[in-house]
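The structure appears below as structure tokens.
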Amino acid sequence: MSTIPDDLSYTKEHEWVAGLEDGHTVTVGITAYAAEQLGDVVYVEVHSEVGATIAPGDAVGEVESTKSVSDIFAPVGGEIVEINPAVVDNPSLVNSDPYGEGWLFRVRVEEEPDDLLSAAEYAALTSGES
Amino acid sequence: MSRSTPLRGVHESLGATLTDFAGWQMPLRYGSESAEHNAVRTAAGLFDLSHMGEIFVVGSQAGEALDRALVGHLSVLAPGRARYTMIVNETGGILDDLIVYRLDEDQYMVVANASNYALVARELADRVRGYDAQVTDRSDEYALVAVQGPRSAEILATLTDADLGDLKYYAIVAGIVAGAPALIARTGYTGEDGFELFVLNEHALPLWNTLAEAGRDAGLVPAGLSARDTLRLEAGMPLYGNELSAAITPFDAGLGRVVRFDKPGDFVGKSALERAAEYDTRRRLVGLVARGRRVPRHGYSVTREGAVVGEVTSGAPSQSLGRPIAMAYVDEGALEKGGLAVDIRGSQEPVDVVDLPFYRRSK
């Protein structure tokens, strides 16, 4: 079973969002479940640049593994303030530490959609899929 | 309804990610597919290939019957040797690519892909009519375990009475492996030295466990279909359903050498293939290496100055090259001019054309 930390929010597209309760800036990554489904991640790209404004649901990047490629969707709206250079250089961080060093980007939140999932809701979603 | 091999339980206990492949639940990977790929290149990997089909053709005219049924010249194959060949339809389209083993004077084993073996068995039964040759599909009785990689011979040698030193590439011998009767073939689909072990289903699990234990110190690891696919792609080996299909002749695929017009008598597809051999194929199967890091994948368009000039049949990140690689059918004219790209989700990513295979093992 992959881990699903209690203190994060989640999307149906298997992203996690950290720091929502603090207000302004959140960190976004993909879940351990998604990383396991993908297999070895070989390439991470965030199309949008730092300073770009994104809306919830925008395709803002892609994660490519040996067998497949998946879009990264913006879980929240706002301004991208940082893209993780370490994960671009070393995409395997998504597999080895999806909730830590494998984070993808940070957003200054302007719009928070109301369909983000709690850890329990995300666990229910993925137990149905696996 | 998905089928399972006799080794499904061991895959699950190893924590494998299972995938449906041609109606079979097969291990996609056990952990990191890149680590499995590298283990096969540097040490050894253990594969469950029990989804493959084993069709026996037996009788005093089995060789002549296969000459009639397939594009190769199997009646001249020496007992104990194997050949890569194909079965085509009347219009020359490839129904499957096969390895045919001559087990003895009047007995052959035809190994077909999981997705095709039922069709191959039916076609063979139909095509050998009138010859003294019986076709028996024994795929349900046989498991197939492969050990592939530079250390596979030393690992297998500790478990068998067969003299592996005498067993050449593309040869097969009956022997005892881990206490069970096996057909030991020096064949594979990885570009490395290695063996394919055909055993009855009941022997598959003890064989797997004994091999895994015996090879552990040499670096043998279980390897899934994901690693198998990247290994065969680096080795430039075609995959049925990707590079090969009923819409393609062996000549289209650049594999015209497997068609033996010099053998006596007629064979299914001969007249169509004689025409196919005459005209220049418009497209050619080539290797592509991406300059960037995004991966060209099956079905993506090959482009030149914005126009579609071909199609990717297989693509993956290559461990051995450190860059994404692909096989693709590309128009001859565009190949001459150069400046090719692959349309990767709307962006034209430059690629270089290279000779196949991408990877060749050092002897």
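Per chain, numbering begins at 1; letters A, B, ... match sequence-line order. The structure displayed is predicted, hence computed values, not measured ones.
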### Query
Between B:G15, B:S32, B:A316, B:G31, which shows the greatest number of heavy-atom pairs under 4.5 Å with chain A?
B:S32

### Query
Is atom CG of B:D217 surrounded by more than 12 heavy atoms (other residues, nucleotides or ligands) closer than 6.0 Å?
no

### Query
With only heavy atoms counted, which part of B:R294 is less than 4.5 Å from chain A, the side chain, the backbone, both or neither?
both

#### Entry: Gap separating the NZ atom of A:K67 from the OG1 atom of B:T17, nearest 0.5 angstrom
12.0 Å

### Query
If you measure from NE2 on A:H47 to OG on B:S347, what distance do you get to the nearest 0.5 Å?
9.5 Å

### Message
Looking at A:E110, I want to see if its CD is surrounded by more than 12 non-hydrogen atoms of other residues, nucleotides or ligands under 6.0 Å.
### Response
yes

### Query
Can you tell me if CZ on B:R345 sees more than 12 non-hydrogen neighbours from other groups inside 6.0 Å?
yes

### Query
What is the minimum heavy-atom distance between A:V88 and B:R293, and which atoms define it?
O-NH2, 3.0 Å

### Message
What part of A:S65 gets within 4.5 angstrom of chain B, counting heavy atoms only: side chain, backbone, both, or neither?
### Response
backbone

#### Entry: Closest contact, heavy atoms only, B:R297 versus A:T66
NH1-O, 3.1 Å

### Under 4.5 Å from any heavy atom of chain A - which part of B:S34
both

### Query
In this structure, are over 12 heavy atoms from other groups packed under 6.0 Å from B:D355 atom CG?
no

### Query
At their closest point, which heavy atom of A:D40 faces which heavy atom of B:A35, and how far apart are they?
OD2-N, 4.4 Å

### Message
Any carboxylate oxygen within less than 4.0 angstrom of a Lys/Arg side-chain nitrogen, looking at B:R29 and A:E36?
### Response
no

